> 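I have a structure here, written as structure tokens, and I will follow up with some questions on it.
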Amino acid sequence: MKILVVNAGSSSLKYQLIEMDNEEVICKGGVECIGIEGSKISHKVNGAEHVIEKPLTNHTDAFNLVMECLTNKEYGSISSPDEIKAIGHRVVHSGEAFTSSTYIDDEALKKLESIAHLAPLHNPASLACLKSCMSIMSCPNVCVFDTGFHSTMPPKAKLYAIPYEDYEATQIRKYGFHGTSHKFVSQEAIAYLKDKKLPYSNIITCHLGNGSSVTAVKDGKCIDTSMGMTPLDGLIMGTRCGCIDAAAVEMLAEYKNLSTKEMTQYLNKQCGFLGVSGVSSDFRKLCGAIDAGNERAKLAFDMFAYQIRKYLGSYSVAMGGLDCIVFTGGIGENGPTIREAICDDLQFMGIEIDKEYNADIPRNQLVDVSAKNSKVKILVIPTNEELVIARETKDVVNSL
Ligand code: AMP
């Protein structure tokens, strides 16, 4: 069974064709600059890359080009679009309209349209791509939401203390994001711990990348997560400020003379590692600057580690224990210094990292970096969000 996974941005479309019989990626690629100058597709198959530059006015043009590559006589992987049994779409926000991955019929499409405003930078792009796929392809389309894994959060964790009727009218509450990643790595961790006959009830997953979030996973289910109504909340990130006093936002807006919209842009794009360090939003560059003695880069690093440590404490209490910490994402998988800084001096919580081993671990596989005596397992697990989308799509289609 072949499933096509698509991830649409406002001017981009990433895709992977996955053979679900062995869960192997057959080919993948990305379309850039949809609707703007310089549009092109880069299609990767069998170690080769095929680039086609071509004006693409919208997501329908882009998707048609993807299908051209997939069925290309010379380097294509399928002879007919009918070989694709389903399309799985990554959708950022579910609002309260959906709590799990969903087959999209006309009614579900209307529901999805009604919540597009909740993630104005992301959901409209997914909708455009979804509509293109529904008109071009005859196979089922399934939406898999970034918020989906977090739908199990209890009201006490997910509600903001605003008047309840305002929450009901607006759906404004904590939703959380990176759900497919937190789901994938927590399931991998549970399988590893079960295999070793170790406890696996209380897990904290740290997805640390350009955007970062921490999730408390109790008995396989999310009970709390650091991002909120939008991906701005929680940790300091590449360019996002993370948690900030809401009243300070108005003060900053006055100081910078910014409108509400401009202020949201400022908090999303000019803050975080970039804003604090003045160096870069990129964690590798931040580490390079620290090595060169840049104190503000060190401050951004320290803020990141400190905030994650606070989540370790609060989520351990929320779950009533801690069995395992998982690191994933570009920084979590590749940043030994931040893993060490986060776990430093936490023996009182049963957390002890093997510093030497952690410094140089094998890549692209699950690695256990906990010290021998550590009660809490510390794992580095490469995430695979596309595979989660493909698996969920398969499950939904099989249940139709
Ligand atoms: P992601 O958003 O998951 O793709 O992660 C992107 C972040 O991972 C960027 O800040 C990168 O600088 C960081 N990153 C990637 N490779 C490394 C590495 N080898 N060491 C430290 N950070 C890295």
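A quick note: this is a predicted structure, and the numbers were derived from the prediction, not measured. For ligands, and for the atoms within them, numbers begin at 1 and follow the listed sequence.
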> Which hydrophobic side chains are connected to Leu65, either touching it within the sub-4.5 Å cutoff or through other members that do?
Leu4, Val6, Leu13, Tyr15, Leu17, Ile26, Val31, Ile34, Ile41, Val45, Ile52, Leu56, Phe63, Val66, Met67, Leu70, Tyr75, Ile78, Ile84, Ile87, Ile136, Met137

> Under a 4.0 Å heavy-atom cut-off, what residues line ligand 1?
Gly209, Asn210, Asp282, Phe283, Arg284, Gly329, Gly330, Ile331, Asn334

> Donor-acceptor pair, Arg309 side chain versus Ile342 backbone, under 3.5 Å?
yes

> For Asp146, is there an ion pair with Arg90 - N to carboxylate O distance below 4.0 angstrom?
yes

> Name the orientation class of the two ring planes belonging to His178 and His207 (parallel below 30°, tilted from 30 to 60°, perpendicular beyond 60°).
parallel

> Test question: given the 4.5 Å side-chain rule for I, L, V, M, F, W and Y, name all other residues clustered with Ile244, or answer none.
Leu232, Val249, Leu252, Leu258, Met263, Tyr266, Leu267

> With sequence neighbours left out, what residues match Phe98 under ring-ring contact (aromatic ring centres under 6.0 Å, His included)?
Phe145

